[in-house]
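Okay, structure first, notes after.
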Amino acid sequence: YEHRSSNFLGVKVGLFDSRLQMQNTLYMQPRWDELSDFRFLEEFECMVKVADIIGFGATLSVLYDSAPPTGVKTTDTRVSTNLRLSF
């Protein structure tokens, strides 16, 4: 069994009367018995509100595993676009 600690830190900033919102979240999961074995996820999201109920944005995610399973790369990156409806 591998036991891990789950830790995260999130920061959210609203600019221009909160029409531009940026959010960054960092997740870290070190293994208890071997601190050099850890997992890391960094997510950055930027969202622009074009109306009270509609927003467009993008998210960048970087995932890292210092000891992945055989055949799996250590780093994975993702970019996604977002449409947000709020009502």
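All heavy atoms count here, side chains included; hydrogens, waters and symmetry mates do not.
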Would you please name every residue forming a salt bridge (Lys or Arg N to Asp or Glu O under 4.0 Å) with E43, sequence neighbours left out? none

Side chains of Y64 and T74: does their closest heavy-atom pair fall under 4.5 Å? yes

Calculate, to the nearest 0.5 Å, the distance between atoms CG and CZ belonging to L60 and F44 respectively. 8.5 Å

Would you call T25 and L9 a side-chain contact if the rule is heavy atoms closer than 4.5 Å? no

Check whether any side-chain heavy atom of T75 sits under 4.5 Å from a side-chain heavy atom of V62, and report yes or no. yes

Could you give the distance from CD (E34) to NE2 (H3), rounded to the nearest 0.5 Å? 14.0 Å

Please examine the side chains of F87 and D52, heavy atoms only from C-beta on, and report whether any two atoms are closer than 4.5 Å. no

How long is the gap from CE on M22 to CE on M47, to the nearest 0.5 Å? 12.5 Å

Compute whether any side-chain donor of one residue and acceptor of the other, for N24 and E45, lie under 3.5 angstrom apart. no

Do Q21 and K49 have side-chain heavy atoms sitting under 4.5 Å apart? yes

Taking R4 for its side chain and Q29 for its backbone only, find out whether a donor-acceptor pair lies under 3.5 Å. yes

Once rounded to the nearest 0.5 Å, what's the spacing between atom CG of D37 and atom OG of S66? 4.5 Å

Indicate yes or no: at least one non-hydrogen side-chain atom of L83 is less than 4.5 angstrom from one of F56. yes

F38/M28 under side chain to side chain contact (heavy atoms under 4.5 Å, CB included): CA gap, chis, key distance, verdict: CA-CA 7 Å; F38 63 93; M28 181 77 162; 3.6 Å; yes

Spell out, as yes or no, whether a donor-acceptor pair under 3.5 Å connects the side chain of D65 to the backbone of A67. yes

When rounded to the nearest 0.5 Å, the distance separating CG of L20 from SG of C46 is 4.5 Å

Measure the shortest side-chain to side-chain distance between W32 and S5 over non-hydrogen atoms and say whether it is less than 4.5 angstrom. yes

Decide if atom CG of D33 counts as having more than 12 heavy atoms of other residues, nucleotides or ligands within a radius under 6.0 Å. yes

